[in-house]
Each structure stands twice: as C-alpha cells, then as structure tokens.
Amino acid sequence: MRLSYSLNKNIFEATVGSLVNKLHLSKRRDTLFFEDIFINYIKECEDAGHGEEMKRIGQKWMAVSFKTLMPSALERLPPVIILNMFMKNVWINLGLMKNFHANKTGDIIEIRTENEAITKVIGNNYFSVGLFIGILNIIFGSQVDVIEVSQREIFSKYVFKIKHGNPYKINSKSKKTYDKLNYLAPIKGFTLRDSFKRNIFQLKEGNKIYFRDKSLYTVENTIFHLLGNSEILLERIPYISYDYFKEIIRKSSSKEKFVLLKTLLQIMGWGIITVVYREDYIVVDIKNPPFGLQKEKDNWNFLIQTILGYLWVIDKKFNLGDVVETYKNIKITYSKN
C-alpha cells in the first residue's frame, strides 16, 4: 500500500512529533530513521564480531513486536498463511525487501526473499536471520534451529527447523502500558504530511521516503531501545552519523542547522522537540519520545548519539553532557567544554 494513500486515509497518522501506524498490525507508534546510519551501525557491529548479539537483538525485536501487536484474528490462521500474506505485506511496505515467500514441509520452514535492504548493502549478516527467527518463535510458539542461510544481493534463502516441544516465551510491556506511554495529544504544527508539500522529504518508488536523496526507514522504535540497552559500539554512532550528515547538510548558518535538527526530529516522530542553543552549549528537549515494547527500561542512547554526530557538522567540539530523564521527557545537553 502506498504511503501517500495511507496518509490520506489516516492509516498512517502523522501528527506533530508522532507517527502512528494502523496498517496490518495493531495500532503502534513508528518513527522514521536514516537508513544509512542504521545499516552502517549494524555492519560495524557485525564486522567487529558482534554478529550473534545482532541476531539476538533482531530476534527479540520481532518477537516482542509480533507478540504484542499481532491481531487476535491472525492467531487462528495457519502460520504459513500469516507469513505469506501478512508478514510479506508488512516487510514489503516497510521497504525491508521487494518480495518474500515461505514454504513449510514437516518441521522445516524455507524462506526466500528478494532485494533485502540490509543484505543488499552489507552482504551476509546475522541481524536479518534474527528477524525471521523472532517471527517464527511467535507464530509457532517454539524455539527454532537455523539449518541454512544463503544471503545474496538479490535473492536470499533461509531454512529453519521448528523445535516442537521447546516452547518460546518472552516478556514485553502490555499493549495498554505501551499505548499510554506513547500517547501524544494532537497539537498544531509542522507534520510529515507538510514535509512532502515543502519538499523537505520526497516520496519515491511508491513507498520510499527520501531526505536529500538519502532513504529513510519507517521503524517500530523498540529496536532502538534494544540497541541502546545492549551498549554495543554506541560510541561509534556519532562518527557514523557525522559521516552521513556532512555530505547532505548544506552550507548554512549554525542557527539554520539547529532549526533543521528540530524540524527533522519532530516530523520523523521523535516527539515534541525544543532546541535551545547558546555559544557554548545546546539543549535538546524531547517531550513524549517514542517508548518501546521491551520489558526492560527504555533507552534513547541511539538517538542521543546520532544527534551528537549531527552537531559535529556544526562544531567538532560538541560533547555529550547531562541527560535528564523525567516522565515522558528527555533533556539532553551537548556542550563544547
């Protein structure tokens, strides 16, 4: 389904500081994020020997998301139908791949995909394997073994064995708690819909969103909390972010760059943003940031480090200072001291 149609029909609801996705899964809060920053971070983690951790994080993300957000009506469908009709549409509409098909023979599940976004860029990766494991864990209620993985730029193949008798269980926030934390009362202001009219973002290829010729992901934000809590190579994120933004942030005053930062974060669904800038420091205040589905604490360090990389485009002297978290609010200070 085209994003433009979803916006017009309020299937994808864009308000100031929030993106609510009502397509396929239960209503949930999504964010937009910079594809190159996310993928290059995953690549660095896997290249540094953290592949198994990336697989477990991908698995947990899909498991808690599907466990909590899967409509009850789907539970009565055969698992292969869920994969080939439901999950196929979810992943294709999120821009994660161009095609998907699953077959089941006995306890063996074979998944074939085309043009996986992550695999296409970085090649072999454990993270994508984890995504499929997490879905299978939930729809079969069982642990699974990985039998075969063949990841290629265009076509990839995955073979798993369902371990009946080995139940899979995972804890998450309740949907009620998740909805309460992520509720944001509508206010007047600039939204994602307005960003297309002003040509800040562009829609291409039907569903892909671009910022200055760089694509953005629509992401259920639990993944960022899981990565933040993992503490794996978070110190590398500002460098990845800086390399990304230095190529696309046009020559302009520091004030204009601060305004752009506020605008981007807000229309991408990261909350109600206030940026206060002084000569020696900047304070980014985020009201109603997006909370995750994981049972563990929420963690916005991935976003915090990404902002630091953006600020380095303005001045490499910026460092992360105090981070103060109160109920549904984060206040981040970046100083030049």
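These values consider heavy atoms only, across backbone and side chains, with no hydrogens, waters or symmetry-generated copies. Residue numbers run from 1 in the order of the sequence given.
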Backbone of S252 reached by a side-chain donor or acceptor of K257 within 3.5 Å: yes

More than 12 heavy atoms of other groups within 6.0 Å of K336 NZ: yes

Aromatic ring proximity, centroids under 6.0 angstrom, W61 and F66: no

Test item: W270 and L303 side chains (from C-beta on) under 4.5 Å apart, heavy atoms: yes

Within 6.0 Å of NZ in K246, more than 12 heavy atoms from elsewhere: yes

L69 and K175, any side-chain heavy atoms less than 4.5 Å apart: yes

Distance-only donor-acceptor check, side chains N288 and S18, under 3.5 Å: no

Closest heavy-atom pair and its distance - S230, Y41: OG-OH, 4.5 Å

Crowding at NZ, K297 (>12 non-hydrogen neighbours, <6.0 Å): yes

E53 and Y126: side chain donor to acceptor below 3.5 Å: no

Contact check, side chains of I330 and I332, non-hydrogen atoms, under 4.5 Å: yes

N115 and N99 side chains, donor-acceptor separation under 3.5 Å: no

Ring-ring centroid check F86 W91, cutoff 6.0 Å: no

Distance-only donor-acceptor check, side chains N137 and Q59, under 3.5 Å: yes

Electrostatic pair E148-K157, nearest N-O below 4.0 angstrom: yes

S172 versus T68, side-chain donor and acceptor atoms under 3.5 Å: yes

Side-chain ion pair, K43 and D36, N-O less than 4.0 Å: no

Check against side chain to side chain donor-acceptor pair (under 3.5 Å), S156 and Q151: CA-CA 4 Å; S156 293; Q151 294 172 313; 5.7 Å; no

Heavy-atom side-chain proximity of L308 to Y334 below 4.5 angstrom: yes

From CA spacing to verdict: side chain to side chain donor-acceptor pair (under 3.5 Å), D30, N221: CA-CA 6 Å; D30 281 354; N221 69 90; over 6 Å; no

Check ion pair E44-R236 (N to O, under 4.0 angstrom): yes

Option among V259, L264, L265 that satisfies the side-chain contact (heavy atoms from CB on, under 4.5 Å) test with L261: L265

Aromatic ring proximity Y244/Y310, centre distance under 6.0 Å: no

Ring pair (Phe, Tyr, Trp, His ring centres under 6.0 Å) evaluation trace for F224 with F33: CA-CA 10 Å; F224 297 109; F33 200 74; 4.7 Å; yes

Sub-6.0 Å ring centroid separation between Y217 and F34: no

Within 6.0 Å of CZ in F245, more than 12 heavy atoms from elsewhere: yes

From E116 atom CD to S128 atom OG, the distance as rounded to the nearest 0.5 Å: 5.0 Å

